[in-house]
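One structure is given below, encoded as structure tokens.
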Amino acid sequence: MEITSYWATFQNNFAALDLNTGHSGKYIPPHLRNRPQTQQQPNQYKANNAHDVREPYRGRNSGSRNFEQRGNFSGGYADRGGFGSANSQRSGRKPNSDNAYGRGGNSYSRGKEFERESNWRDGRQDLEGEYRGYRNNGGRYDDGDWTQPLAKNDALERSLFGSGHTGINFDKYEDIPVEATGLQCPQHIECFDEVELTEIIRNNIELARYTRPTPVQKYAIPIVSFKRDLMACAQTGSGKTAAFLVPILNQIFENGPPKNMPPVRPGGRIKQYPLALVLAPTRELAVQIYEEACKFAYRSRVRPCVVYGGADPVQQMKDLDKGCHLLVATPGRLLDMTDRGKIGLEMVKFLVLDEADRMLDMGFEPQISRIVMENNMPPVGDRQTLMFSATFPKKVQELARRFLDNYIFLAVGRVGSTSENITQKIVWVDEIDKRSFLLDLLNGAELKGGVAAADSLTLVFVETKKGADALETFLYREGYPVTSIHGDRSQREREDALQSFRSGVTPILVATAVAARGLDIPNVKHVINFDLPTDIEEYVHRIGRTGRVGNLGLATSFYNEKNRNMAVDLLELVSETNQDVPEWLSNIAKEVQNEQRSANQRKFGSSGRKYGSGGFGSRDYRQFDRGNQRSSNTANNGRVPNGHSYGANNFSYNSQPSTAYVGYRSYGGNYNTGPDWFGS
DNA sequence: AAAAAAC
């Protein structure tokens with residue numbers, strides 16, 4: 001019965017989708033169209049075992065297998081009890097076990113499988129190889145003047161820069177407050193012309209249509225160029241990727257190939273020594289940063305690479321062998337590569353932690369410490385370390401300090417997240433009503449029926465991977481063009497899902513926390529917190545997927561009694577950003593606060609809130625937390641602030657660097673009044 | 001408690 005009705009729905013949907021995409025017969029996702037026929041052979045997707053079934057979009061490709069693949073119905077439909085064995089197809093799996101590999105017995109096909117996994121980037125990589133004729137010459141970097149641009153390549157240029165639309169609403173940027181604190185903070189710039197950039201970088205900035213520096217760029221570019229360490233609190237979409245890539249690559253171009261490269265072939269193996277290392281907490285984010293790096297490295301002798309899990313290590317190693325000066329990586333795969341002797345970190349002069357608060361949390365910090373401390377990376381002070389995140393709780397700042405040397409703290413006003421250009425709505429929705437309410441929201445957006453709406457995307461966050469599967473299945477059965485992304489899907493599925501969402505083929509994406517951070521997707525009009533996260537930082541990151549770079553956005557959050565622990569922070573955030581505050585939320589927050597107060601009084605005899613993470617963005621805790629004065633001084637080891645020579649860089653400024661803790665602009669008034677406890 | 005991240 002159920003199966004029959006499912007089939008009816010499925011076939012209807014299939015037909016509808018087919019109509020909408022203008023294809024007859026099998027539905028082919030856009031990124032696979034116009035490819036060599038071998039890409040689309042059905043048996044390409046045939047699995048070696050049931051767990052290995054992978055498809056471009058779950059449930060769109062073919063008949064019965066499709067149905068089996070989508071078999072996880074019971075998760076969201078408690079009353080149906082599941083479809084027996086089909087259920088084990090997805091939900092019975094251990095976390096992360098359905099990556100493309102990791103199980104024995106099918107190694108023969110791995111190469112092929114992986115090749116497909118990263119298909120959508122291969123085109124450009126081929127172009128790049130052809131264009132440069134770049135070969136690493138056995139691990140030795142190219143000679144020649146690194147400041148001089150190589151020849152143009154129209155095909156590569158188109159593939160890198162595309163339409164070139166940045167999506168940045170530059171006019172909205174003018175009033176964004178920025179505050180820089182730290183000793184002898186370099187003066188910020190107002191336009192790219194104020195810094196001497198190499199011709200290559202200037203050209204690429206132009207190609208990328210970055211007409212004016214964004215606020216984070218205005219501050220970060222001179223700070224990085226002055227060889228200072230940096231902790232920057234800025235949203236994705238504020239232009240932060242370029243804010244570190246531009247000055248880093250520019251310095252690399254200026255410095256040219258390093259003269260003291262380690263031996264070329266230790267153990268007979270080609271080993272690469274990147275000059276810059278960028279670490280990111282999710283694979284998709286790593287890819288995104290890599291693509292940006294390819295833009296700014298265009299026509300240069302500098303070759304960016306990316307390594308991350310879930311994709312073929314052999315392919316990645318082959319790519320590394322062609323040369324790697326700037327490496328973007330997720331931590332696990334990077335350690336894999338260093339263990340294998342494919343990557344040496346001895347020459348890393350620039351270390352970037354993107355989404356640093358995540359990188360330094362409990363799950364990641366041990367790996368980061370291993371990378372930074374146990375792999376011969378130049379120590380603090382001999383390298384430049386830059387950290388970026390939308391939120392910097394005090395705890396993270398304390399932890400981060402051991403990776404940093406006399407750093408500048410940059411607080412960029414929240415361009416596109418919690419500020420007024422995102423309308424935040426908190427709605428009380430009981431657990432049982434969530435789906436129905438979600439349908440109402442989606443109907444309002446007129447997305448039903450597979451109408452591709454690339455300029456109006458809806459991102460739905462849930463708390464668990466199982467929940468993501470269940471909700472996607474539900475929406476799909478209801479006829480919505482939906483896909484999903486979470487850590488239990490294969491890398492192939494994840495990348496396809498993202499691509500399908502970005503392009504508007506499936507303008508609804510159900511996602512777990514994997515998509516909360518850093519992903520820069522233009523045109524996300526609506527973020528829906530189907531499940532609220534459990535901490536306010538995560539909330540800030542999530543809603544930051546919309547209202548990007550000065551454009552308008554909407555964030556709707558379903559709240560119910562399960563989210564009681566969020567009431568206080570949520571209220572604070574929502575009222576601070578001039579949003580409508582539901583009365584019930586104020587009441588709950590008051591209740592919770594009273595409970596906490598009395599509990600604290602019993603425990604400590606005082607009420608107290610953790611400083612620094614109570615808000616959302618963050619402030620430089622050094623300025624507020626006088627208890628850390630001593631240890632901070634120790635951390636700086638009595639070093640004269642900025643022990644590097646100012647004269648060594650290629651930047652000219654309108655004015656000299658300021659000499660003390662300075663907030664260029666102030667948020668609230670009490671930023672600049674603190675004592676200069678560095679005692680300079 | 002869950003999610004992410006190597007195999």
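Keep in mind that what you see is a predicted model, and the values were worked out from it rather than measured.
With sequence neighbours left out, D535(A) forms a side-chain hydrogen bond (donor to acceptor under 3.5 Å, both in side chains) with no residue at all. Under the side-chain hydrogen bond (donor to acceptor under 3.5 Å, both in side chains) criterion, N375(A) pairs with no residue at all, not counting sequence neighbours.
Of the candidate nucleotides dA1(B), dA6(B), dA5(B), dA1(B) has the atom lying nearest to any side-chain atom of T534(A). Comparing dA4(B), dA6(B), dA1(B) by their nearest atom to the side chain of D339(A) picks out dA6(B). Picking from dA2(B), dA6(B), dA3(B) the nucleotide with the shortest atom distance to the side chain of E463(A) gives dA2(B).
At whole-Å resolution of the value, CZ in R340(A) and C1' in dA6(B) are 9 Å apart. At whole-Å resolution of the value, CG in L519(A) and C1' in dA4(B) are 12 Å apart. Distance L279(A) CG to dA4(B) P: 19 Å, rounded to the nearest Å. dA6(B) atom P lies 5 Å from atom CZ of R283(A), rounded to whole Å. As rounded to whole Å, 14 Å separates atom C1' of dA5(B) from atom CG of L360(A). I485(A) places its CD1 atom 12 Å from the C1' atom of dA4(B), with the value rounded to the nearest Å. If you measure from atom CG of L532(A) to atom P of dA1(B), you get 20 Å, rounded to the nearest angstrom. Look at NE2 on H541(A): it is 13 Å from C1' on dA4(B), rounded to the nearest Å.
At a cut-off of 3.5 angstrom, counting only N and O atoms as typed in the model, there is no donor on one side facing an acceptor on the other between the side-chain of T464(A) and the base of dA1(B).
Between the side chain of T546(A) and the backbone N or O of V524(A), at least one donor-acceptor pair lies under 3.5 Å.
Checking the phosphate oxygens (OP1, OP2) of dA4(B), a side-chain nitrogen or oxygen of T512(A) falls inside 4.0 Å. In this model, the phosphate group of dA5(B) is approached by a side-chain N or O of R494(A) to a distance below 4.0 Å at OP1 or OP2. Here K466(A) does not reach the OP1 or OP2 of dA3(B): none of its side-chain N or O atoms lies under 4.0 Å away. Distances shorter than 4.0 Å separate none of the side-chain N or O atoms of R517(A) from OP1 or OP2 on dA3(B).
The only member of L509(A), L519(A), I528(A), I485(A) that meets side-chain contact (heavy atoms from CB on, under 4.5 Å) when paired with L459(A) is L509(A).
Defined by atom type and a distance below 3.5 Å, a donor-acceptor pair is missing between the side-chain atoms of T282(A) and R517(A).
E538(A) comes within 4.0 angstrom of nothing in the nucleic acid, heavy atoms only.
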